[in-house]
Amino acid sequence: MKLTTLTDEARLALSTLGDRAADLISPTVRLGVTGLARAGKTVFITALVHNLVHGGRLPLFRAYSSGRVTGAKLEPQPDDDVPRFDYEDHVRALVDQRIWPDSTYRISELRLTIAYESASYFKQRFGPGKLHLDIVDYPGEWLLDLPLLAKDYAQWSSEALAMARSPARRAAAAAWLARLETVDPTAPEDEVVARELAALFTDYLRACRADENALSTLPPGRFLMPGDLEGSPALTFAPLPEPEAGSPPGSLGRMMARRYEAYKSVVVKPFFRDHFARLDRQIVLVDALNALNAGPAAVADLGAALTEILGCYRPGSNSWLASLLTHRIDRILIGATKADHLHHADHDRLESILARLLAPAIERASAAGARVEVAALASVRATREGVVIEDSQKLPSIIGTPLAGETVDGETFDGKTEIAFFPGDLPNNPESVLAGPDSTSELEQTALRFVRFRPPALERTAEGITLSLPHIRLDRALEFLIGDRLA
Ligand SMILES: Nc1nc2c(ncn2[C@@H]2O[C@H](COP(=O)(O)OP(=O)(O)OP(=O)(O)O)[C@@H](O)[C@H]2O)c(=O)[nH]1
Ligand SMILES: [Mg+2]
């Protein structure tokens with residue numbers, strides 16, 4: 001255990017030394033785009049690059065709107081062993097086909113180099129400046145693994161079993177829990193049983209994700225998004241109830257525990273060591289609307305998952321990652337994504353709700369010296385705003401083209417028809433989102449309805465040039481995340 005830590009630290013020290021040397025030539029910001037599955041990471045990265053490269057409208061990004069940014073382009077990334085982020089394909093999907101990119105199944109990276117004129121007279125004498133912005137994209141499921149680093153097999157097993165027996169998840173877990181009744185962890189190890197349990201456990205995780213309940217997925221993240229590890233022994237384990245006297249050597253219990261530790265050391269640690277420990281700034285994307293739409297249980301579940309993940313970054317704590325964080329993350333933006341599903345009058349409420357949901361994590365990060373802000377965002381704005389009159393009441397609405405197959409009030413859409421739609425109002429009192437699943441809170445009574453829309457049709461200029469992707473507050477996000485580095 002100590003040995004691994006040493007190696008990890010030594011390796012990181014070396015790579016950081018390399019990072020620092022390169023930093024002297026051209027400053028670099030490693031931006032962490034953090035978020036659970038479907039939170040909007042890939043769309044955010046694509047929209048950020050597209051707007052900077054294609055002259056998007058970014059009035060709140062001051063270096064850019066004042067004309068000091070003279071260019072932005074993709075350049076070869078620093079890490080040769082990571083695939084490049086498929087920017088061109090994602091843009092083609094969003095702009096030409098008007099479809100959203102697929103779920104990410106493997107890690108990728110990109111480097112955007114921004115050329116700028118410094119606003120300071122002193123710096124101007126050294127000529128134009130350059131800032132490298134390095135961003136990594138990965139399947140959101142993998143983020144769930146971060147808290148595993150601090151848990152041993154017995155602790156993870158008992159937490160996973162307690163979760164599976166909770167009211168919100170019991171039904172999805174039924175088949176796996178039933179099989180578990182017949183398993184003895186002290187029996188001799190058996191590959192067939194291990195595989196069967198891993199398969200049933202994975203089915204349960206998949207069911208939670210597919211559920212309309214919108215439950216946040218549980219680790220291990222690679223069970224749902226294996227990348228190139230599909231079928232390997234490090235992925236063939238599952239939780240077991242702890243036997244009274246512990247499992248003897250050669251038993252199923254020992255075998256599972258060994259594989260769990262292998263998963264942590266060969267899968268989880270390298271991912272976080274190579275990509276998370278080196279971050280300078282972080283944007284945490286949260287799809288709060290999806291959870292609000294599903295009700296209090298989903299909201300509580302989302303809050304718990306994110307708080308646990310963000311807790312791993314706590315500097316000074318003896319968590320494995322905290323000990324490796326060489327760059328102190330000094331700014332964190334918490335983005336409530338897909339805000340284009342709401343009328344702008346509700347954006348403040350969305351921000352307050354998210355701030356309340358993550359209050360403990362925000363407080364901890366602020367106490368450690370990071371600046372934290374919360375913003376309602378849409379990386380790609382798929383809707384416009386309008387007013388719908390219902391029962392002689394004027395309702396602030398959004399207008400967009402629902403994805404094919406989406407339904408509203410029993411009507412199913414074909415992906416071509418535009419509708420005006422009143423999604424309902426978010427609860428006014430952010431506290432109400434914290435009320436437990438059994439309470440009849442304001443959230444329970446709020447009738448929210450969300451429809452997924454197609455990406456927008458882009459306008460073209462008279463010369464036939466496509467304008468950049470519309471957004472909500474992407475410029476504010478950029479200003480907060482890198483504005484000071486372009487001073
Ligand atoms: N209307 C709207 N929908 C969005 C926006 N961003 C993301 N979405 C929706 O959210 C879905 C998920 O977005 P992604 O960017 O693929 O999410 P991700 O975090 O990369 O997800 P994984 O790759 O599965 O981890 C998309 O398919 C869209 O349906 C946005 O700005 N506006
Ligand atoms: Mg993605």
Side-chain angles (χ1 to χ4, degrees), residues 32-51 56 83 85-87 89-91 93-95 97-110 135-145 206 209-210 214 216-217 219 221-222 224-227 271 275 283-291 293 302 305-306 309 335-344 347 350 375-385 398-406 415 418-419 421 423 450-457 468-477:
V33 178
T34 303
L36 299 175
R38 318 311 289 149
K41 298 178 294 297
T42 304
V43 172
F44 173 82
I45 299 168
T46 307
L48 182 155
V49 174
H50 194 263
N51 272 279
F85 180 79
D86 207 343
Y87 169 72
D89 261 16
H90 296 322
V91 168
L94 278 171
V95 175
Q97 294 164 271
R98 290 183 61 201
I99 54 173
W100 301 101
D102 289 335
S103 255
T104 307
Y105 67 93
R106 63 164 191 195
I107 189 165
S108 66
E109 182 180 43
L110 103 171
I135 308 179
V136 166
D137 190 30
Y138 58 90
E141 282 85 357
W142 296 5
L143 188 63
L144 299 160
D145 286 339
R206 202 171 284 130
R209 178 173 67 174
S216 299
T217 319
R222 307 268 171 152
L224 294 181
M225 276 291 170
F271 174 57
H275 303 291
I283 176 164
V284 180
L285 298 175
V286 187
D287 185 354
L289 291 175
N290 190 31
N293 197 22
L302 175 70
L306 284 168
I309 288 162
T337 54
K338 312 179 195 178
D340 57 331
H341 284 97
L342 291 175
H343 192 269
H344 76 265
H347 288 176
L350 180 61
L377 305 173
S379 315
V380 173
R381 178 179 192 159
T383 64
R384 295 172 283 130
E385 295 193 341
I398 51 177
I399 302 167
T401 311
L403 289 178
E406 288 288 289
E418 205 176 54
I419 61 162
F421 178 72
F450 295 112
V451 185
R452 293 185 309 142
F453 293 99
R454 282 185 74 180
S468 63
L469 288 161
H471 62 84
I472 298 172
R473 295 192 195 90
L474 187 63
D475 47 350
R476 177 167 155 210

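In each ligand, atom 1 is the first atom listed, and ligand 1 is the first ligand listed. Since the structure is predicted, the reported quantities are computational estimates derived from the model, not experimental observations. Because only heavy atoms are used, hydrogens play no part in the values below, and waters and symmetry mates are left out as well, while side chains stay in.
Annotation: Arg38 places an N or O atom under 3.5 Å from an N or O atom of ligand 1; distance criterion only. Residue Gly40 has at least one N or O atom closer than 3.5 Å to an N or O atom of ligand 1. Considering both main-chain and side-chain atoms, Asp102 never comes within under 3.5 Å of ligand 1 through any nitrogen or oxygen pair. For a threshold of 3.5 Å applied to N or O pairs, the pair formed by Ala37 and ligand 1 contains no separation below that value. The shortest N or O to N or O distance between Ala39 and ligand 1 is under 3.5 Å. In terms of N/O distances under 3.5 Å, ligand 1 is not approached by Asp137. Geometrically, ligand 1 and Glu141 share no nitrogen or oxygen pair separated by less than 3.5 Å. Here's the thing with Thr42: one of its N/O atoms is less than 3.5 angstrom from an N/O atom of ligand 1.
Looking at heavy atoms from C-beta onward, Val136 lies out of side-chain contact with Phe85 at the 4.5 angstrom threshold. You'll find the side chain of Leu110 reaches within 4.5 Å of the side chain of Ile45, heavy atoms only. Leu94 has its side chain out of reach of Ile99: every pair of non-hydrogen atoms, C-beta onward, lies at least 4.5 Å apart. In this structure the side chain of Glu418 never reaches within 4.5 angstrom of the side chain of Arg454, judged on heavy atoms. Tyr138 has its side chain within reach of Thr34: a pair of non-hydrogen atoms, C-beta onward, lies under 4.5 Å apart.
Looking at Val43 against ligand 1, both its backbone and its side chain come within 4.0 Å, counting heavy atoms. Proximity of His471 to ligand 1, defined as any heavy-atom pair under 4.0 Å, is not found for any part of the residue.
Scanning all protein heavy atoms for the shortest distance to atom 10 (O) of ligand 1 gives Lys338 NZ, 2.9 Å. For atom 24 (O) of ligand 1, the nearest non-hydrogen atom of the protein is Ser103 OG, 3.0 Å. Ranking the protein heavy atoms by distance from atom 27 (O) of ligand 1 puts Trp100 CB, 3.1 Å first. Val380 O, 3.3 Å is the protein heavy atom nearest to atom 30 (C) of ligand 1. Nearest protein neighbour of atom 18 (P) of ligand 1, counting heavy atoms only, is Lys41 N, 3.4 Å.
In this structure, Arg98 fails the cation-pi test against Phe453, since its NZ or CZ atom is not both closer than 6.0 Å to the six-membered ring centre and inside 45 degrees of the ring normal.
Side chains of Thr42 and Asp137: a donor-acceptor N/O pair is present below 3.5 angstrom, by distance only. Between the side chains of His341 and Arg452, no donor N or O sits under 3.5 Å from an acceptor N or O.
Within the structure, ligand 1 lacks Thr337 among the residues with a heavy atom less than 4.0 angstrom away.
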_Intermediate values then yes/no, side chain to side chain contact (heavy atoms under 4.5 Å, CB included), His471 and Ser379_ = CA-CA 5 Å; His471 62 84; Ser379 315; 5.9 Å; no
*Passes side chain to side chain donor-acceptor pair (under 3.5 Å), Asp340 versus Thr383? Steps please.*
CA-CA 6 Å; Asp340 57 331; Thr383 64; 4.5 Å; no
*asked:* Using salt bridge (charged side-chain N to carboxylate O under 4.0 Å, His left out), reason through Arg38 and Asp287 one step at a time and then give a plain yes or no.
replied: CA-CA 8 Å; Arg38 318 311 289 149; Asp287 185 354; over 6 Å; no
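Each of the following atoms of ligand 1 lies closer than 4.0 Å to a heavy atom of Ala378: 31 (O). Residue Pro139 has at least one heavy-atom neighbour below 4.0 Å for each of these atoms of ligand 1: 25 (O). For ligand 1, the atoms lying closer than 4.0 Å to a non-hydrogen atom of Asp340 are 1 (N), 2 (C), 32 (N).
Checked options Leu469, Ile472, Val95; the residue passing with Val380 is Leu469 (criterion: side-chain contact (heavy atoms from CB on, under 4.5 Å)).
Ring-plane geometry between Phe271 and His275 is classed as tilted, the angle between the planes lying from 30 to 60 degrees on a 0 to 90 degree scale.
Among the atoms of Thr42, an N, O or S atom falls under 2.8 Å of the Mg ion (ligand 2). At least one N, O or S atom of Thr104, from either the backbone or the side chain, sits less than 2.8 Å from the Mg ion (ligand 2).
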